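A quick write-up on the structure given underneath.
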Amino acid sequence: VPKKAVLPVSQHLGAPCNPCVKKGDTVKTGQLVADSDKAVSAPIHSSITGKVTAVEHRNHPLGPRVMSIVIEGDGSDEWAEGMDSSLFDKDAPRDIDMSRKDSFRKIIRDAGIVGMGGAAFPTHIKLSPPPDKKIDTLIINGAECEPYLTADHRLMLERPNSVLQGVRIFREILGAEKVYIAIEANKPDAVKLLAPLAGKYGFEVAVCQTKYPEGGEKQLINALTGRETPSGGLPMDVGCVVQNVGTAAAVYEAVALGKPLIERIVTVTGSAVGKPNNLMVRMGTAFRELLDFCAYEGHDGDKVIMGGPMMGKAQKYLDVPVVKGTSGIVCVRAEDIITMDHRPCLHCGQCVTVCPMGLNPSELALRAEFREYDDLLKIGLMDCMECGGCAFICPARRHLVHLIRVGKMEVKR
């Protein structure tokens, strides 16, 4: 439990929350501290017990400074009324009253649950498809999309029952007929453990190839069902919903135990880390605390990345807080970083061969570079998942993903 927590009011896709506490207020662990009346949003809860010392703009791991609630802990970690913390670290399955399923979405929303794979999309929205979108297939993503990250792997091994109870809740809400739990082939221990347990509930453990970015939801849908999500469409357009294993465990804790989302597993690893670990971390904990705990060496020129090496965001400051989408922190030594000037495109086509969405990344980047924004949407700009495969393989070391992101920002203006 950190001595201080910095909680940005925006830790999810959608509208930021509004603080409902002020400087000087005393708060308990699990207490609501920020909320929003917007449909696409997710409330924020205090991750420690203590006093609110500031409500001000602070650095955020995704870039811009964000209004944040700063809490100085008193060391007691006293949970808010009605929360039995003695149950929170147990993985034993509990009876869930499925007759209450109509209230599950509200419980999930009020607990602030978002996608734990990194996208941080509010889960209650994903569990509310329009009436004309029949969901027949539920896919639980345990494929761990990025290299280096192993948080989901550890969760499946150490809290399998929590994951499966969350999957039961998802199935009950959606009425899905088929349930897959997707695990990559390089995690045979997770497959061996989960397969018999999942079979008791009628779930199928599907072993996927270990190939980046197999953990992308559109790629998983295609691999498991053969269905192709249309351009500009969503998984529900092809009768599917994809949820992360971490989200499933968080949903179980919210519905069965009344626990809001105030902590998550974070992988801390990389060549600059002396003792790599998977840590259960309270939201609002500074990156620096995790890095110190894992013996980060901290030389000049090192790169600290939130997320994985392909899609993660490099950090300028180490005082930024862990947020709901912080799946990992990867620290790379300066000598392991390949740097090269951005050079003209060779038109070799290698980026096209690795694009999981079937796009032409070089053309997207060139049009963005020369500000030909009107044509970007016509050639699939918004279908790009920013996986980084094109930039990784480019022999000219062009900043393809960066240029595509700039193009997206411009067309959204």
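Worth saying up front: this structure is predicted, and the values here are computed from it rather than measured.
Side-chain contact check for F170 versus V179: every heavy-atom pair is 4.5 Å or farther apart.
Under the 3.5 Å distance criterion, with hydrogens and angles disregarded, a donor-acceptor pair is assigned to the side chains of S362 and N360. Inspection of the N278 and R154 side chains reveals no N or O donor paired with an N or O acceptor under 3.5 Å. H60 and S10 share no donor-acceptor pair across their side chains, judged by distance under 3.5 Å alone. Counting only N and O atoms by type, the side chains of T229 and D237 include no donor and acceptor under 3.5 Å apart. Judged by distance alone, the side chains of T49 and D74 never bring a donor and an acceptor atom under 3.5 Å apart. Checking D35 against N18 by side-chain atom types alone, no donor-acceptor pair falls below 3.5 Å. A donor and an acceptor atom, one from each side chain of Y201 and Q165, are located under 3.5 Å apart.
Between K324 atom NZ and M283 atom CE the span is 6.5 Å, to the nearest 0.5 Å.
Salt bridge present: K408 and E386 bring a charged side-chain N and a carboxylate O closer than 4.0 Å. Comment: D292 does not engage R288 in a salt bridge, judged by the lack of any side-chain N to carboxylate O separation of less than 4.0 angstrom.
Applying the 6.0 Å contact sphere to CD of E56 captures more than 12 heavy atoms from other residues, nucleotides or ligands.
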